[in-house]
Protein chains: 2
Amino acid sequence: MLDAAVKVFSRRGFHAASMDEIAEDAGISKPMVYAYLGTKEELFVACLHREGTRMMQAIAGAAAPDLPADDRLWRGLRAFFGFVGAHRDGWAVLYRQARGEQPFARELATMRSRLVEVVAGMLDHALRAEGREIAAVDLEVVAYALVGATESLADWLADHPDADPEKTATRMMNVAWLGAAQLLHGVTWRPPAD
Amino acid sequence: MLDAAVKVFSRRGFHAASMDEIAEDAGISKPMVYAYLGTKEELFVACLHREGTRMMQAIAGAAAPDLPADDRLWRGLRAFFGFVGAHRDGWAVLYRQARGEQPFARELATMRSRLVEVVAGMLDHALRAEGREIAAVDLEVVAYALVGATESLADWLADHPDADPEKTATRMMNVAWLGAAQLLHGVTWRPPAD
DNA sequence: GAGCATACCTACTCGTGCGTAGGGTTACGC
DNA sequence: GCGTAACCCTACGCACGAGTAGGTATGCTC
């Protein structure tokens, strides 16, 4: 039942999707949708919630906290891209639609910031292991960038149905980890004097 | 006049924004908006177009093609984040709203892919200078990731009004260039045997 | 000052889609 | 066979907002 909603929302976008179409696609009538899942917003939030939870679980399940940082990153990425590859509709709802729609931006932002936190925590952990430390803001920003890059590749993956999630994850590692590893070893880039 | 539209669109989103509000905000009445700028879609496209062109020009003006790759990247990023910092509304319209709205996704995707192309071209150029070459797909994907990371930081910047665009650009360089430089030197990451 | 055009506004029509009221149908108890 | 209760549908009310029709004021020509 939620499946139908996710499908329609992903095809049409939140606003353009009509409850009539969702009901029809689910094989029932509109009042039933209202009876079971409430208003359109509640329905969308329910979709968001389910897809988000599934995704988080997929990632958390793959990236155990006791692994070394690079391995954790790799497993997490692989799980993430695997999820997106398998649930392209879900990803479209979660990321493309919710963004910009005021009522859901908050919901999405929460999930995203949890991700950012996890990544930042990972970096911080790895840094401390190397005996280094950098400001919390910097960590957050780097984590933000990594999450953004990953989302961007997820989009790319969603638009290329033949692409291999595993390979995409490898590419992401090449971008992310090589840079992050440099940072961990104390190599930084500074703006030229000008 | 477009300014009012950009402001309202950025606050409300495309659908939630009413022509009445835009007209009121611009200090004129609705029929005038229609007389000067046509339908709501045309109006939005006009906003998109103006902000997009401004942004592209800001970047292109800063990153001359004859500079070395790292310098070009740095100047381009600095110009980009400077632009976002100065036109937060514009960025919100351009990126947050247009995404997901079917009719404008194309417009946005075009702009984005032009950016990706430029970045990929830059990487390719730098690679050839090093006597290396990698598959075009890989280049595209790496460029995609970099663009995604940059957009993500732009969002961060838009949500943190006190943040310094210059500093944000520096952070982006640290994530992007350190990783890219590794790639350019032939260092790559490979998945563990498992 | 009469005729005319330009610039603008108020007040409407009309389509669309969310949410619901009220009616039909099947299954079960008596 | 008849009451009734659970379930689901068709068909509507209603609000909101895009786009427009027709009227009013200001300035310009002769």
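This is a predicted model, so every value here is computed, not measured. Letters A, B, ... are given to chains in the order of the sequence lines, protein chains preceding strands, and every chain is numbered from 1. Any value given below was found using the heavy atoms of this structure, including those in side chains, with hydrogens, waters and symmetry copies removed.
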Report task. Just do the side-chain contact (heavy atoms from CB on, under 4.5 Å) check on T53(A) and Q57(A) with the steps written out, would you? Result -> CA-CA 6 Å; T53(A) 308; Q57(A) 277 175 352; 4.0 Å; yes
**Report entry** Side-chain donor or acceptor of R88(B) paired with backbone N/O of G85(B) under 3.5 Å
**Finding:** yes
**Report entry** Pair listing, salt bridge (charged side-chain N to carboxylate O under 4.0 Å, His left out) test, anchored in residues 111-123 of chain B, at least two apart
**Finding:** R112(B)-E151(B)
Report summary line: Expected list for residues 26-39 of chain A near DNA chain C, using heavy atoms below 4.0 Å, is K30(A), P31(A), Y34(A), T39(A)
Query raised in the report: Do side-chain atoms of S152(B) reach the backbone of Y144(A) as a donor and acceptor pair under 3.5 angstrom?
Result: yes
Query raised in the report: Which whole-number value in Å describes the distance from F14(A) CZ to dC18(C) C1'?
Result: 10 Å
Requested in this report: Using atom CE of M19(A) as one end and atom P of dT20(C) as the other, report the distance to the nearest whole Å.
Outcome: 10 Å
Query raised in the report: Nearest-Å distance, CD (E21(A)) to P (dG19(C))?
Result: 16 Å
Query raised in the report: Rounded to the nearest Å, what distance is computed from the CD atom of residue E42(A) to the P atom of nucleotide dG19(C)?
Result: 9 Å
Requested in this report: Round to the nearest Å and state the distance from L43(B) atom CG to dA18(D) atom P.
Outcome: 10 Å
Requested in this report: With L77(B) as reference, evaluate T150(B), L146(B), T170(B) under the side chain to side chain contact (heavy atoms under 4.5 Å, CB included) test and give the passing residue.
Outcome: T150(B)
Query raised in the report: Is the ring centre of F81(A) less than 6.0 Å from the ring centre of W91(A)?
Result: no
Requested in this report: Report the distance from atom CD of E24(B) to atom C1' of dG17(D), rounded to the nearest whole Å.
Outcome: 15 Å
Query raised in the report: Given atom NE2 of H15(B) and atom P of dC18(C), what is their separation to the nearest angstrom?
Result: 11 Å
Requested in this report: Take the protein atom CG of D20(B) and the nucleotide atom P of dA18(D), then report the distance between them rounded to whole Å.
Outcome: 6 Å
Report task. Check every strand shown and say whether A17(B) touches a base, only sugar-phosphate, or nothing at a heavy-atom separation below 4.0 Å. Result -> sugar-phosphate
Query raised in the report: Within the structure shown, what part of the strands sits under 4.0 Å from A16(B) by heavy-atom distance: base, sugar-phosphate, or nothing?
Result: nothing
